Amino acid sequence: MGILLLVKIGWRNLWRNPRGTLLTALALGLGLTLLLISLGLLDGSHEQMVGNGVRFGTGHVVIQAEGYQDTGSPNLLLPAGVVSTTGEFLHTEALKHVVRGVSPRLLASGLLSSAVNASGVSMMGVIPKEERAVSLIPQRIVEGNYLNDDQQSGVVIGTELARKLEVKLGAKVVLMTQAVQPLDTEATDAGGEDMQSTLLRVTGIFRTGIQAIDAHVIQLPLPEAQALLGVPGQVTQVAVLLKREGDSLMVARGLRKQLTGVRIEILPWRESMPTLAQLFVLDEAFNYVMNGVVLAMVGLGILNTILMRVIERRYEFGLCSALGLQPVQLAVMIIGESLALTAISLALGLVLGLSAQHYFATAGLDLRWFFHSSLPTALVFDPIIYSRLSLTRIASSVGIVFLTATIISFYPALKAARTELPGALKVF
């Protein structure tokens, strides 16, 4: 009896009980659906974690004074000329299609107070036009407008900070901070010790969904911040945003060569934001574990289904053996059945999985449904995760499930091939 005939018989056997076959295929297809959903969301979260992390943080590459990464001292400022040299290098023809934005920043801590309350804040002096290309905060304005280059004064704050201070758009607030004494200048009796304050008007309110940012970060024009801190023309760091995360090491190496001999540190995002990098590695490990669990569920489902079919049809196999069907032919017939069932399951799984993938790719999964708007403050990510599933991922998932089903089907096929006569013909 030819293999094609055995496969044809196996296909007919599947439809002797169409409802059972379809229910089994649906159950197994849900396994592939779950695998595709988990892969899409995990890949999407990885992409967003890096993308949002660098845009809410220091960019793909950051240039800052030597020692700032360890101490965070506001007195550590970039030497004169670093900003202009960095800008010239990053805007060369070779890097024009690599760099998305470059933003100088002046960072310090301070106290922001209203007529009702006060709160400690992380102050960030920025050039509005440059910051728009690097940070996500300008895109998250929910009231008013972001800063503009013609604006000499003003401040944008987060929704949580606005709620705590009980201020609205257009309200006046007072920012108090300590004047900076650059370490490359000689300290005076008053320098670095004076408390400075300025009156600012709230021109915009942003909401990122990240409590640590919405409650503590404020942005104001760079000249205003420099005047307040007493460091005209100086900045703390330069944040560089790239079009592709994979170019961060290459750009960092190029900047180090360009700025050799200057007391600065040039760090890619994995070094400037180690917590984010560790979280990324942890997510990768979790990804592998989740995929293994889902594959195990799919494999056990296929094994259980085919094995139960073999046990229930013991009399049928005994009769086939009595009529002259060889054990190898029985095994081929069972393998053909399992592969046909797997093919139906994969088709259903692809339809359901890609439909779910399309939904999560467009609408996203809002984690605030699970955390009730109280996300962990140590994490820097967008609370809405959008699925990202490549054709490679889809093909590899289908291939792995099909290969798993093929391997698992050998055990039920071996059990069918070992059907013994005359015991298999006994009717109880």
Side-chain angles (χ1 to χ4, degrees), residues 43-73 76-107 124-139 149 213 217 219 222 233-281 283-284 380-382 388 390:
D43 286 353
S45 67
H46 289 168
E47 181 181 320
Q48 286 180 244
M49 187 187 304
V50 176
N52 292 338
V54 298
R55 298 198 70 178
F56 282 130
T58 58
H60 287 111
V61 180
V62 63
I63 303 102
Q64 54 199 15
E66 187 178 22
Y68 184 82
Q69 182 68 20
D70 296 327
T71 65
S73 171
L76 289 170
L77 302 175
L78 284 175
V82 170
V83 176
S84 58
T85 303
T86 300
E88 292 172 3
F89 173 72
L90 294 177
H91 288 92
T92 57
E93 189 66 26
L95 295 176
K96 184 171 63 175
H97 302 294
V98 175
V99 178
R100 178 175 292 177
V102 181
S103 179
R105 296 167 173 173
L106 180 60
L107 309 178
M124 185 181 295
V126 299
I127 301 175
K129 181 181 178 181
E130 307 295 343
E131 190 69 10
R132 287 177 185 274
V134 174
S135 176
L136 281 178
I137 288 179
Q139 301 177 18
D149 292 336
I213 295 178
V217 174
Q219 290 189 343
L222 181 59
Q234 291 191 278
V235 297
T236 307
Q237 63 180 209
V238 177
V240 181
L241 184 71
L242 307 177
K243 294 181 179 179
R244 295 193 307 121
E245 182 271 333
D247 293 327
S248 56
L249 290 177
M250 179 268 291
V251 172
R253 284 194 295 266
L255 284 168
R256 290 187 185 118
K257 291 180 181 179
Q258 192 73 18
L259 297 168
T260 302
V262 185
R263 296 187 60 184
I264 59 173
E265 52 190 20
I266 300 170
L267 306 175
W269 70 270
R270 290 181 183 270
E271 297 178 28
S272 62
M273 295 182 286
T275 302
L276 181 63
Q278 292 170 3
L279 188 62
F280 184 81
V281 173
D283 251 12
E284 283 284 354
V380 180
F381 60 84
D382 195 314
R388 296 289 183 269
S390 64

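Values in this document were obtained by computation on a predicted structure and should not be read as measured data.
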If you look at every heavy atom in Val262 and Pro79, which pair is closest and at what distance? CG1-CG, 3.9 Å
Mind checking the CD1-CD spacing from Ile137 to Gln219? Nearest 0.5 Å is all I need. 4.5 Å
Do His60 and Leu241 have side chains that get closer than 4.5 Å, going by heavy atoms? yes
To the nearest 0.5 angstrom, please state how far the NE2 atom of His97 sits from the CG atom of Asp247. 12.5 Å
Among all residues two or more places apart in sequence or in another chain, which pass the ring-ring contact (aromatic ring centres under 6.0 Å, His included) test with Phe280? His46
What side-chain donor-acceptor pairs closer than 3.5 Å can you find for residues 99-107, not counting sequence neighbours?
| residue | atom | partner | partner atom | Å |
| --- | --- | --- | --- | --- |
| Ser103 | OG | Glu131 | OE1 | 2.5 |
| Arg105 | NE | Glu131 | OE1 | 3.2 |
| Arg105 | NE | Glu131 | OE2 | 3.4 |
| Arg105 | NH1 | Gly57 | O | 2.8 |
| Arg105 | NH2 | Glu131 | OE2 | 3.0 |

4.5 Å side-chain heavy-atom contact, Met250 and Leu95: yes
Using atom types as modelled and distance alone, determine if a side-chain donor or acceptor of Thr85 lies under 3.5 Å from a backbone N or O of Val82. no
When rounded to the nearest 0.5 Å, the distance separating OG of Ser272 from CD1 of Ile266 is 12.5 Å
Evaluate whether atom NZ of Lys129 has more than 12 neighbouring non-hydrogen atoms of other residues, nucleotides or ligands under 6.0 angstrom away. no
So which atom in Ala65 and which in Leu78 form the shortest heavy-atom distance, rounded to 0.1 Å? N-CD2, 3.5 Å
About how many Å separate CG of Leu76 and CD of Gln69, when rounded to the nearest 0.5 Å? 11.5 Å
Between Thr260 (side chain) and Arg256 (backbone), is there a donor-acceptor pair under 3.5 Å? yes
How long is the straight-line distance from NZ of Lys257 back to CZ of Phe89, given to the nearest 0.5 Å? 9.0 Å
Take Val83 and Ile63, measure what side-chain contact (heavy atoms from CB on, under 4.5 Å) needs, and give me the verdict at the end. CA-CA 9 Å; Val83 176; Ile63 303 102; over 6 Å; no
Between Tyr68 and Glu265, what is the shortest heavy-atom contact and its length? N-OE2, 3.4 Å
Of all heavy-atom pairs linking Arg55 and Arg132, the shortest is NH2-O, 3.8 Å
Identify which one of Val50, Val61, Val240, Leu242 satisfies the side chain to side chain contact (heavy atoms under 4.5 Å, CB included) criterion when paired with Trp269. Val50
From CG (Asp43) to CD (Gln48), nearest 0.5 Å: 11.5 Å
Apply the side chain to side chain contact (heavy atoms under 4.5 Å, CB included) test between Gln64 and each candidate in Leu267, Val238, Thr236, Ile264; give the one that qualifies. Leu267
